[in-house]
Amino acid sequence: MGKSTFPLAFRLSKNTKYKLSPCVSPLYLLFSHRVDRWLMDRAGNMPPLATQAITKPLVETPNAWRIIMGADKAKNRKKKVDNQKQSNGHAASPKQKQELPVEDQISFEDSHGEKTTVEASVTKPSIEDIFEEHVSFLDIALIYLCYGIILVCGYGREWTEKLLIRFGFIKGFVPNKKGYAPLFKPLDIFWLRRNYQRIRDLFERPISTKPGAYIDVMIRESDDGNATYKFTGENRTCFNLCSYNYLGFAENDGPVIDSVEDSIRRLSFATGSPRLEAGNHVVVDELEKLVAHYIGKPAALVVGMGYATNSTVLPALASGRGNLIISDTLNHASIVCGSRDSGATIRVFKHNDAHDLEGVLRGSILEGQPRTRIPWKRIFVVVEGVYSMEGEILKLPEILAVTKRYKAYLYVDEAHSIGALGKTGRGVCEHWGVDPSNVDILMGTFTKAFGSVGGYIASSEEVIRYLKSLSYGSVYATSMSPPCAQQALSALKLIAGLDGTEQGQVRLNSLHDNSNYFRARLTKMGFHVIGDDDSPIVPMMVYHPSKMCFLSRELLKRGITIVVVGFPVTTLMLSRIRFCISAAHSREDLDWALEQINELGVRCKLNYGLKDHTRRQITASDVTSKRNINKVN
């Protein structure tokens, strides 16, 4: 397929203004791709549509003619500049040749007013670019056909059921009370019953052990189309590739769990009160101080639920009109919920794209508030450290440079990066070599790397004092349970090396090695793997919903549990498997799991072969973390 443009049907399906039905989309798809391919052939050499660094102009545009004209203008402009340099007799000195190009470096003023320069993130093809180049017309047609069959069969069953209800043969699934409006949305009920229920066995699988490297899955069966289940009595031991147990702290033995057991005997399970009343427990207070010290911030606030950390803090920070929240398009649902509850104006920018963020920021500042056009009171840019469905690491240097330039507050959700990224597990700031003081608000959770519950906000003392008095998660919610706080506290001490051992560093190194090894092996097998090195989340693209279901069921039979993700969580064409790697995994277990995945993947023809996008071969360097940080004051 063409390399420069994405098929029109897919582009329109991502645009809220154009919603194409499953019947019309394939026609647009076939027609638009042929036209775009012809235009691209006429254009000659075109720059790729991969995400560029912030100082590079983005070439991507939905109109092929504009791309061609823009490329021609850029080419002519480059020739003009080169000719002018030659006429003036300028030549680059040897010292200048050794320096990095300007677009490969990001500079900004830190919180102390000093100039800091770090290397920009490596430009790589987007999911859409690789999809377009390596997924054939036949695959696209089969994906649409699969969803078409689901819709046709679903509506057929729906109309048949309505006829049977009308003539009194059966009762309705959702009986409506006479005189009351329907309690549920018809489209939601249709999707849950006619689509999700058919694959419900892929989700909600009950387990009967700790979520370690291996878990016992309680096998169940259904005789009514997955509406209800009954247990068979079999507990199948499976290799766990679906839990967020990044550092292996979800265990039932060891020093961490011993401290938790002691705290239960001393402090019981619950505080029975919010923080402002009688719930300001000494363990929670100690956890807040240690989090602030570990993150590198003056103060921190602990909330009893990870989801509630975002959904209750964002409304307190950006409450009321006149505030603007600019959010990444792939941010977590808790960020979406908190942003909506705040009452602020919400705008989005392309995923992990600093150039598009700059355009949104510039346009928002120039336009001002709706109708009145007066300046915004506050502007918040909300992003994630590691995106849980893509496995991609935030391009912090570029994003930070934009927010510094336009004086916008930066809010980073480190739910999947704290304890998992960086040499000592301090998250995305350590990964890129950025001083945490340059990020205004750092959010994280204890549910992933720490094996506990709850979340935190780390910022200045003034911000934390403000949130403790106004955030619903602190004022009204019951304080974090003391045993859960002790679990997070003990795990954090071990990671930071405060226990006097190297166990924390060993776990961190094991996590990075396992993640990079698993990703490199999958890529070498020819599978389409997305995300970045060192990320503990390794998504493998499947595209076909039927293949996604087949792989999940077959791997369970072979003793491997995985997470599958499809529409509507992702876009229609981008179904995937998400592998979650842990420090508790051994290299032998990973090799065995890779063999099973490779065998089934070849049967499903998922080894698309990424050709020039294939990463380097597996060597010793593939299983070690690499950093390209250059900090200049």
S.K.: Just list the side-chain donor-acceptor pairs under 3.5 Å for residues 289-308, sequence neighbours left out, or say none.
M.R.:
residue : atom : partner : partner atom : Å
Tyr294  : OH   : Thr424  : O            : 2.8
Tyr294  : OH   : Gly425  : O            : 2.9
Lys297  : NZ   : Pro436  : O            : 3.0
Lys297  : NZ   : Val439  : O            : 2.3

S.K.: Less than 4.5 Å apart, any side-chain heavy atom of Pro536 and any of Tyr246?
M.R.: yes

S.K.: Mind listing the closest non-hydrogen atom pair of Cys238 and Thr561 along with its distance?
M.R.: CB-CG2, 3.6 Å

S.K.: Enumerate the residue pairs fulfilling salt bridge (Lys or Arg N to Asp or Glu O under 4.0 Å) with a member in residues 476-490, sequence neighbours excluded, ordered by first and then second residue.
M.R.: none

S.K.: Treating Ser459 as the side-chain partner and Asp440 as the backbone partner, does any N or O pair qualify as donor plus acceptor under 3.5 Å?
M.R.: yes

S.K.: Would the number of heavy atoms belonging to other residues, nucleotides or ligands and lying under 6.0 Å from OH of Tyr214 be above 12?
M.R.: yes

S.K.: With side chains defined as the heavy atoms from C-beta onward, is the minimum distance between Phe249 and Arg507 less than 4.5 Å?
M.R.: yes

S.K.: Residues in side-chain hydrogen bond (donor to acceptor under 3.5 Å, both in side chains) with Tyr411, at least two apart?
M.R.: Asn310

S.K.: Please collect all salt bridge (Lys or Arg N to Asp or Glu O under 4.0 Å) contacts where either partner lies in residues 472-500, sequence neighbours excluded, each pair once.
M.R.: Glu286-Lys493

S.K.: Using modelled atom types and a 3.5 Å cut-off, is there a donor and acceptor pairing between side-chain atoms of Ser479 and backbone atoms of Gly279?
M.R.: yes

S.K.: Return the orientation label for the His585 and Phe239 ring planes: parallel under 30°, perpendicular over 60°, tilted otherwise.
M.R.: tilted

S.K.: If you round to the nearest 0.5 Å, how far is OG of Ser339 from CZ of Phe380?
M.R.: 10.5 Å

S.K.: Give a yes or no on whether Glu502 atom CD has more than 12 heavy-atom contacts from other residues, nucleotides or ligands under 6.0 Å away.
M.R.: no

S.K.: Any salt bridge (Lys or Arg N to Asp or Glu O under 4.0 Å) involving residues 589-598? Give me the pairs, sequence neighbours left out, ordered by first then second residue.
M.R.: Arg521-Asp591

S.K.: Does a salt bridge link Lys468 with Glu288, judged by any charged N lying under 4.0 Å from a carboxylate O?
M.R.: yes

S.K.: Just wondering, do Ile560 and Ile562 contact through their side chains at under 4.5 Å, heavy atoms?
M.R.: yes

S.K.: Ring-plane angle category for His416 and Tyr244, please: parallel below 30°, perpendicular beyond 60°, tilted otherwise.
M.R.: perpendicular

S.K.: Measure the CG-CD distance between Asp328 and Glu384 for me, rounded to the nearest 0.5 Å.
M.R.: 7.5 Å

S.K.: Could you give all pairs that pass the salt bridge (Lys or Arg N to Asp or Glu O under 4.0 Å) test and reach residues 449-467, with sequence neighbours left out?
M.R.: none

